Amino acid sequence: QVQLVESGGGLVQPGGSLRLSCAASGSIFSINDMGWYHQAPGKQRELVALITRGGRTNYADSVKGRFTISRDNAKNTVYLQMNSLKPEDTAVYYCNVRARNTFRDEYDYWGQGTQVTVSS
């Protein structure tokens, strides 16, 4: 079993900042890509940012220049620094990790989700 635990969500005013964290633990053999997705009510879940094992990144156009994804491979942890937050960033944010378990099977694992609300 592989578990992802997210933290860092909350309520902030427009223009504010939040830092999300996601730590993977359990029967992990190796971790490849790590990423963040978000989902607003009535909308599909969509990719926000992704980072590969080697540190290459991709961002949704809506967050470029405002969000930064990073990872600490020694801690099996991925972060999302969110600056200049806008009301349209309001959503549940989910961590995603592509990993091999100790049987060498590769799966996408998901965190429990953390609410980010941007409002005056």
Side-chain angles (χ1 to χ4, degrees):
Q1 299 142 313
V2 175
Q3 300 86 36
L4 307 183
V5 178
E6 301 181 28
S7 63
L11 173 64
V12 297
Q13 295 186 346
S17 296
L18 285 173
R19 180 177 169 87
L20 306 183
S21 299
C22 174
S25 62
S27 302
I28 300 169
F29 179 77
S30 63
I31 295 176
N32 293 313
D33 297 347
M34 308 178 82
W36 291 95
Y37 292 71
H38 68 189
Q39 186 169 24
K43 302 276 287 184
Q44 289 193 335
R45 189 174 300 185
E46 62 182 11
L47 179 68
V48 176
L50 182 144
I51 184 167
T52 69
R53 181 191 297 176
R56 298 179 67 90
T57 59
N58 292 100
Y59 297 93
D61 288 342
S62 61
V63 307
K64 285 182 178 178
R66 300 188 298 121
F67 292 8
T68 302
I69 188 170
S70 61
R71 63 191 286 170
D72 185 335
N73 290 332
K75 297 181 179 179
N76 289 339
T77 299
V78 62
Y79 306 93
L80 186 67
Q81 179 67 47
M82 303 185 292
N83 298 327
S84 302
L85 282 161
K86 303 175 179 180
E88 50 262 45
D89 297 319
T90 296
V92 178
Y93 284 72
Y94 296 91
C95 175
N96 174 262
V97 173
R98 179 163 292 181
R100 293 186 185 274
N101 60 26
T102 51
F103 292 101
R104 314 301 193 265
D105 299 316
E106 190 171 69
Y107 297 101
D108 280 349
Y109 298 94
W110 292 91
Q112 80 279 9
T114 185
Q115 178 71 46
V116 171
T117 302
V118 185
S119 179
S120 299

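A quick note: this is a predicted structure, and the numbers were derived from the prediction, not measured. Throughout, residue positions are numbered sequentially from 1 according to the sequence presented.
Under the 3.5 Å distance criterion, the side-chain polar atoms of Arg66 are matched with a main-chain donor or acceptor of Ser84. The backbone N or O of Val92 lies less than 3.5 Å from no partner atom in the side chain of Tyr37, so there is not a single donor-acceptor pair. The closest donor-acceptor contact from the side chain of Glu6 to the backbone of Ser21 lies at 3.5 Å or more, if one exists at all. Here the side chain of Ser27 pairs no donor or acceptor atom with the backbone of Thr102 at under 3.5 angstrom.
Counting only N and O atoms by type, the side chains of Asp72 and Thr77 include no donor and acceptor under 3.5 Å apart. Side chains of Thr117 and Gln115: a donor-acceptor N/O pair is present below 3.5 angstrom, by distance only. For the 3.5 Å distance criterion, the side chains of Arg53 and Asn32 qualify, holding a donor opposite an acceptor.
For the pair Arg98 and Tyr109, the cation-pi criterion (under 6.0 Å, within 45° of the ring axis) is not fulfilled. A cation-pi geometry, defined here as NZ or CZ lying under 6.0 Å from the six-membered ring centre and within 45° of its normal, does not hold between Arg71 and Tyr79.
Residues Val97 and Leu50 do not share a hydrophobic cluster, clusters being chains of Ile/Leu/Val/Met/Phe/Trp/Tyr side chains in contact below 4.5 Å.
The aromatic ring centres of Trp36 and Phe67 sit 6.0 Å or more apart.
With salt bridges taken as basic N to acidic carboxylate O contacts below 4.0 Å, none links Lys86 and Asp89.
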